[in-house]
Each structure stands twice: as structure tokens, then as C-alpha cells.
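Heavy atoms only: backbone and side chains are in, while hydrogens, waters and symmetry mates are out. Predicted model, so just to flag it, every value in this text is computed and none were measured.
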Amino acid sequence: MRRLTAFDRIYAAAMLIFPRAFRSRFGREMRDMAQDRMAEARLRGRAAAFIESTRLLADIAATAPSAWTILRRERTSYVAPATVPYPRDHMDVLTQDLRFAFRGLLRRPAFTIVAVLTLALGIGATTAIFSVVNAVLIRALPYPDPDRLVMLWSVQGSQHGQPVAYLDYHDWRARTHSFVDMGVMRGQSLNLTGGDAPDRVTGSFVSASLFRVTGTKMARGRSFTDAETELASKAPVAIVQYETWRTRFAGDSSLVGKSLILNGTAFTVVGVTAPNSQIPYGAADVYLPMPYYPNAHGFDRGVTSAYAVGRLKPGVTLEAATRDIAAVAKQIEAAYPETNRGVSAEVESVKEALVGRVRDSLYIMLGAVGLVLLIACANIANLQLARSASRSRELSVRAALGAGRGRIVQQLLTESVVLSVVGGIAGIGIALALTKLLVTLVGGALPVEPTDIRLDGPVLLFALGVSVATGLLFGVAPALQASRADLNDTLRSRVATFASRRTRNLLVVVQLALSLALLACAGLLTRSLIALQGVDPGFDGRNLLTAQFRLPAAKYDTPEKIATMFAQTAAELRSIPGVQAAALVRASPFSQNGESYPVSAEGKPETFATDAPSMLLNAVTPGYFSTMRIPVLAGRDIGETDRADAALVIVVNKSYAEETWPGEPAIGKRVKVGGDGWRTVVGVVGDAKHYTLNEHQLLQGYVPHAQRPQIFTSIVVRTIGNPLALSKAVREAIWRVDRDQPVWRFRAMEQDLSAVVQTKRAMMLLTGLFATAALIVAVVGVYGVLSYTMTQRTQEVGIRIALGADGRAVTRMVVGEGARIIGIAVVIGLAISAGATRLLRSQLFGIQPNDLTTFAIVTVALSTVAIAACYLPARRASRVDPMVALRSD
Amino acid sequence: MGDEKGTREARRACPDLIPAGSSLSLAHYIRNGYSALVPKLDPAAHLPLTPVVLHILLALVDGERHGYAIAQEVEALTDGQVRMGPGTLYGSIQRMLTASLIDEVSAPKHASSDDERRRYYRMTPFGRRVLELELDRLVDVVRLARAKKLVREPRTT
């Protein structure tokens, strides 16, 4: 071994400026060569040696930069130079497959654009719907340990999920063992006075335990104490919701400790909640202790108007908790049979209570959009099949060279997944736009804040998952097909078409069948929306203004004061120019307010409260029916003579009269309802809808306001022009009666009527949109398959024409082939529809899920469009020049 | 090499996959998992050659050599006019490998034990085409210069 000279060491050190890969490949040879050169030079003297050493070092310095750039190019280039190690692990193969896939896609821009757009639409729509599903059904509720948070309901006979009586709640809380604690609340709006103008805030009357159960923290001040919210030791204290504190009180840092005049009473603010505090069924601007609930009967046993929330002890199941609470309810029933007969209790998770009602709609939408995605997959699979026919030679060469079937399938699947992931990324853009649209369309009907519906981590992960799954789904058929191709056939450039054609036909059948099912769903939803919009609400909703107010109980403490106030208000309203008629009513239709009571008729068998028919009881001032244009069918309207001291009277609706006294006149009969004495029926009026359009017709009773004075009221005003234009005049009319009286919720009745169908309309629109998209994609699929088959059969058609077949016969043949595919698809599609539409049952109104007319209409529509799509390739085929056709190979 | 006939066949069947002029063999393609992409090699893209590359190719015309041997051969062929340092030599070798102008081969049987540790290189068919094109180009240049009477006529004895 030669002794290392000083130069050798310097040279070795200088070599460090080369990339490591370069050094490990050439380093030793370079050092050997440099040593040789130096040894030669030293023979020629020290000067020569010095010059040589300088030259050698300069040589390194000059070449190092290009060594780096070459190395980088080598890393990124698709050439595997002989000296780069061959791929040994899967990642290397995968990287190569990916590169190959990208290049392949770029080389076929038309196919790539069509496929990416289709996928982007499908994945985008699915992701958008999923973002709603995620926000509503999947994301955890904003409470600590939300799984243990439950709603406590009373069960009245067969009616589940009813609010609870305060005293029942008290007993449940004391006697059950399954709960850490329970809280209770009752919502009601509050009149806030003492500011510039009388104002109305939403209020919630709560127990101190409610904040503990829901885990609501205070940002400022303190929470209520248990004593403050007990009936015996109540204290006038208030807690303000953080957002209300920010907006209405401008974040006033001295609010805690100040007094608010609410419903005419001074309450001291003791706390402000933490931001974004939510309480199921009870979120409000201001929280007050439960005992201040302004209803004389509010704390009677049997008055069920409170919402109760509980927190389960760890490990207690819903069933066990329900058994526990039902057992206590049984004891209460035994102790108070006159109020609690047939009253039980049940436990439901808060999540279920909040989202149960929209879950079906959401899953239906997710299913519908999933179907669209499936159809898009089938379409792309078909495009891929057509493509792989033209690629069969390339694949055969690969196979001939020894690429295993698995290897080829893997390569083709990689291409599909690359395609779908690119589509998915584009789809996220579409999802962003669609989500915004969805929030505007249905946001109001969802139990979450619109801002909660967003594309967050889980949603993006979902989009990625769907993309990959989609790629595998539409890639697997073409990949298997291609890898199965017979080498001999393809290498001799004969395309094995039969199997491929069968697969393609099958895919088209799937597309058409799924489209038919979607069309059937959209058809049913459309027809049920039409039916819903055709429902007669029982009154004339045009040019009708409604608003609400409530009187402070402290100021209006006698029935006379209330009656005077109402009479004056009605008179003031009627005096407004542009007002045709006006009246006051406890709860106007579609305001979502209303009170129902058990009703019993004289002479009919006595029933217990919970078994008795329930009557929606409304207190009205004279002129209500004429204002609403509800027809008086028999007897008379409620008049000015029906005062508090006159005989008790009631007007019932047609349904109640016919159900209770079939074939008999109702006038003069007597009924007992709502804790009052016997009332004589003086009139029968037409049925009217109250909560929503598709409700089962309620039994209704109307009593004179004077005979059942209540501090809550709505006003209904029949106007000549645009009802909302009179809002200001109406407000001022009421202020002429009482300067401190806030009025809120000015609505045109038509707004409320359309809001009732809004969700249904959005759902119909979306399903319709999805169905149309599906139909278009499927029809394009039919067209594509037939065109492709026809191109392949040009020769055959040419022979037929040469042998004398005329154009019409050829057209018939081609259309006939299309018709066979469509026929099979329709049969399968109808079978799928029969199953799919059943899931819609809860969403339908006035129509059965297996409505034959709808099925017939969509079948005809689909067949017509699909046959039309066959006609184009058929016409082209019939015009084939036999000579050209026969010459073509 | 046994592969070559196969490579030709495959190339004919599927020109897209293994372009003509490529030095990469079928074996390479197969070992790369059937998806190694091979660029369409364009000899014209390499022209004109740098003097070092031109001389390395000329030195490899007679057969495979290791790096130092190439340098020595170039020096000998040019009467010491072209004398490259190790960095220039191996930098060029690396670049030529990447461009598929040359290939690395195993040491020949006659190599001494010292030489055996070295890497041997040979010109690829693609490298030969590039060299031929470059020489054609140079001949054209010389012919042009001759027409302008810049160069003496070669003496024909």
C-alpha cells in the first residue's frame, strides 16, 4: 500500500464537494488517477508537481457543479440508467406506475378531461352532501361527554317524546339512580324594557342544574345556585348568553351586577356564558330561574311544557335509564291518577332527539348522490373499456414479455386511481361551491349552525377515500378484461370484442337501471311536493300579516285589563289605512305556537285525560274567522257579546263536529276543554291547518278571548297591498295602546306557507338534479356503446347492405339492439325502484311509494330518451357505403 | 446479448414502449416491472458534442475500457493535446451514462486483478449513432472550410 501523501489527503477532502452518489461510484478511481498523475509529475520536479496539484484541484472545482445537476436530473428523469438500482420494493414499482399513468393520461387529453369532469361532479356532489351529513350526524355535539347527555321525555298514552311536567321532573330527579343529575328548562320570549325602545329577547327559564348537566361554563360572573332556582327560595337573577352580551349589550364589561327589566321585573345579571354555549331545546338570549316562568298553571302537575335533560352515570345504558325513570313514573301515576294516568317516561340520547328528524332525508340524499357517482363510475369504466380495446396491443406485448396478469392489473388500476384522485381534487372545488348552495337551500331546516357545515379534515378524508374507491371500482372491470385478453388474438391484431361488448352492455344496463330508480324517487318527491302545495290550508294566506306580542303579567294582572288592551288594539289596527280586517288570536297558524288539551263532549262516555281526543284550543277576538277567511259552516261567529260574564261558548271545526256527533247538528252541544267549565258549541267553522301542511287534520276549538284571557297573542291583519309594508303602522298602532309593548315576528303568511314546503322543495330539487345528471350520463353511455359497436360492425353492416338490406332495416336492427339493452335495464330498474322508493315513505305526502303512474311516467321518459340516443348511431350505420365498409378492415 | 432479438421484436410490435435507438434492453424493461418508460432518444439533441465527450467516444470505438484507460487512450490519440483531469473524465462519464451514450459492463477476462476493481465502459449503439452524426457534421464543417480555401487539401499519395 502506498503511503498517503499530504496531497492525497487534501484531494480526498476536496472530493467532498461532489455528491455522495458520485463519490461512491467514482471516488476511488479518481483518487487513483490523481495519485498516478502526481507521481508522474513529481518525477519532473517540484515545480511540475505543484502545477499538477493545482491543476487537479481546479479540475475538481470546475466539474463538481455539473456532477450535482446531473445527479438531480437522474433522480427526476424517468430513465433508469444502468447504474441506478433496479426497483426492488413495491414503492419503486408504484412510483413507476404512477409516472406511467400520468404520462398516459396526458397523452389522451380528451378522455382525461371527460373522465375528470365526470368524476369531479360525482365526487364533488357526494362530498358536499357528506359535509352536511358529517356536520349533522357524525360530528360530536358541542357538549362535554355528549354520549351521556340525554333528553327525558314523558310518554302520554301512545304519544312519545312529549315535554314533561315540572313536578314530574322534580320527582324523577329525586328518585332515579341512573343519572348524575338532571336539568330543566322552558323557553319563552321576554319583554326587555328600560332601554330606548321596548324590545323582545328570547328567554329560557332554567334550573341551576341545567348548566352543570350540559357543561355550560360562564365567561364572566357565576352560574345560578340551586337555591336561586327553587320555587321556595327563588331569587331575581339572570344570566346572559355570550353572543347576546356581545351584540345587544356591546360587550359591556360592567353588565354583571346590573339590573335588566324583564317582563316588568328587575333581574340582577350574575353571569355571562362562555362563547358558543349551546343548550338543547333551551338556548336563549337570557336565562332566568325556573320559578319566574310567567304562567299561573305552569307548575301544576299535568301541565307538560318543560324540557328536561339528564346526564347518565358512566356505564348506564339508555334502556336501563328508561327502565329506571319509567318505574318512578309508575309510582307518580299511582299517586296522582287524575293527572298522570297513562303517563310514563323515556330517555333518548340528545343526538337522536336533535337529528333524528332529518336523518332519513340526509341518508336519502347521500344515497341518491351515491347512485349518481356509481353511474358515473360505470360510464368511465365503459370509456376505459373502449380505450383498453385500443391499448390491447400494448398490453399484449407486455404480457408476452412476461408481465404477470397481476402486474398488468396493478398497472391499470394505478391509472384508474390516479384518474379518480385527480377527479376528486377537482371535485373538492365543486364541493365547496355546492356546500354553499346546500346551506342556502336547506340550512334553515338543519339542527346545526350553517358555519358548522364545512369541508374539514374528516370530509376531505372522505373525499379522498371516495376517490380511491371510485378509481378501484371503475378500474377493476376494464383491468380484468384487458388482462384476460388472449395474447394470440391481440397480437394478430384481432380484437376480442365479444366479451368486451358484453361487459360494456352490462355496464350500460346498470347505468340505466340506477337512473330509472333515481328518476322514480325524484318523480315521487315532485308529485308529493305538488300534492303538498295543493293542500288547502283552510284560510286565505294572501295579503295576511301576522305578528306576535306578549303582555307583561305584572302590568296586566287582571283579565279585564287584558281584555281592554286587546279590544283597543283590535280597534287601532282596523283604523290603519290599507287594513281590511284585523283580529287577535292566541296562536296564529304556522307560527309554531299552539296549545292542545284533552276534550270531552257531554253525553259521550267519560274518558281519562290521556285517552281523550286532543283539541287545539285557540282564544280569538271577534272577527278572527272573517279576517282569516275561514268559513263559518253552521251557527255563528264569536261576537262582542261573548264577554267574560256571558255564557261560556266555543266554536269547533268541521272535523271535530263530524267526529264527535256524526250525522247530528253540533250547535247547542256542550264540551269541556282546557280546564274550563262546560262550553256550548255556537258555531262550526271550516278545517284549517295549524303547524304544517301535511299534518293530520287537527281537532280545533276557538273560544272568545274575553272568556280565556291570556297574555300571549298573535295579531292577524288582512291588508289591501303588500302586508309587510304595514309592519311599521301596525307597530305604532300597538304603541298607541301601550308605549312599552314590544311586538315581534312580523311575517307575511305566504312566507310561512312557503317555508313549510321549503325543505321538501330543496330535497325535490336536489333529487331531480341528481336524477337528471344520472340520466344524461347514462344516455351518453348508451350512445357511446352503440356507436362503438357499430364502428366495429361496419363490415357486417356493409355486407348486409350489399346483400340488399335497406337503410330502414339496418336502423331497425341497431335500434332493436339498443331497445333490448334498455328493456333489460327497465325491468331491473323497476325492481330497484320498488325497493328504493320504499325508503322514501317518510318523505312522501299524498302518494304511495309504489305509485304506478309515477313509475310509468319515468319509464316512458327514460326509454324515450334512451331510444333517441340509439337512433343516431343507427342512422349512421344505415348510411354506410358497402364498398367502403367492405374494404375497411 | 440474447435479449437483443427479443428487444427488436418488441420494439417492432410496440414502438411506443421501447423506441428505436434506445440502449435499454428488454431485460432492463422487464426488471423495471414492465413500466419503465424509455425516452425516445434523439441523437441530434446531443449535437454538437463537447471535445471531451467526442474523444471519450472515439477512445471507446475499439472496445470497452475503464475510466483511466480512456484518459490514457485519449492522451495517446491526441499526442498529449487533450489531457483531462479525473473530475472532467468521470463527470463526463456520468453524463454520458445518463444520456445512454455509454454503458457500464463487467470487467473483461483478460483484465489484471488491479484493473478488475475498476468499472468498464463501452459505447452503446445509440452512442455510436451520435458519434457518427457528429463526425458527419465535422466533415461537413471541414468541407465548408475547404470550399472557402481555409484548409489545405489532404495529400493523396
Aromatic plane relationship, Y11(A) with F7(A) - under 30° parallel, 30 to 60° tilted, over 60° perpendicular: tilted
Test salt bridge (Lys or Arg N to Asp or Glu O under 4.0 Å) on D140(B) and R137(B) and set out the steps. CA-CA 5 Å; D140(B) 285 346; R137(B) 191 184 66 86; over 6 Å; no
May I ask you to decide if D103(B)'s main-chain N or O and R122(B)'s side chain share a donor-acceptor pair within less than 3.5 Å? no
Using heavy-atom distances under 4.5 Å, tell me whether A34(A) contacts chain B through its side chain, its backbone, both, or neither. both
Set of residues satisfying side chain to side chain donor-acceptor pair (under 3.5 Å) with respect to S416(A), sequence neighbours excluded: Q384(A)
Per-residue contacts, residues 70-82 of chain B versus chain A, heavy atoms under 4.5 Å: A71(B), E75(B)
Taking all heavy atoms of I93(B) and all of I102(B), pick out the closest pair and write down the distance. O-CD1, 3.8 Å
Taking T63(A) for its side chain and D59(A) for its backbone only, find out whether a donor-acceptor pair lies under 3.5 Å. yes
Are the side chain of R119(B) and the backbone of R25(A) linked by a donor-acceptor contact shorter than 3.5 Å? yes
Just checking, is any N or O donor in the side chain of E104(B) or Y120(B) under 3.5 Å from an acceptor N or O on the other one? no
Among residues at least two apart in sequence or on other chains, which ones pass salt bridge (charged side-chain N to carboxylate O under 4.0 Å, His left out) with R128(B)? none
Do any of residues 46-54 of chain A have a heavy atom less than 4.5 Å from a heavy atom of chain B, and if so, which, in residue order? E52(A)
Short side-chain to backbone donor-acceptor contact, S100(B) and M96(B), under 3.5 Å: no
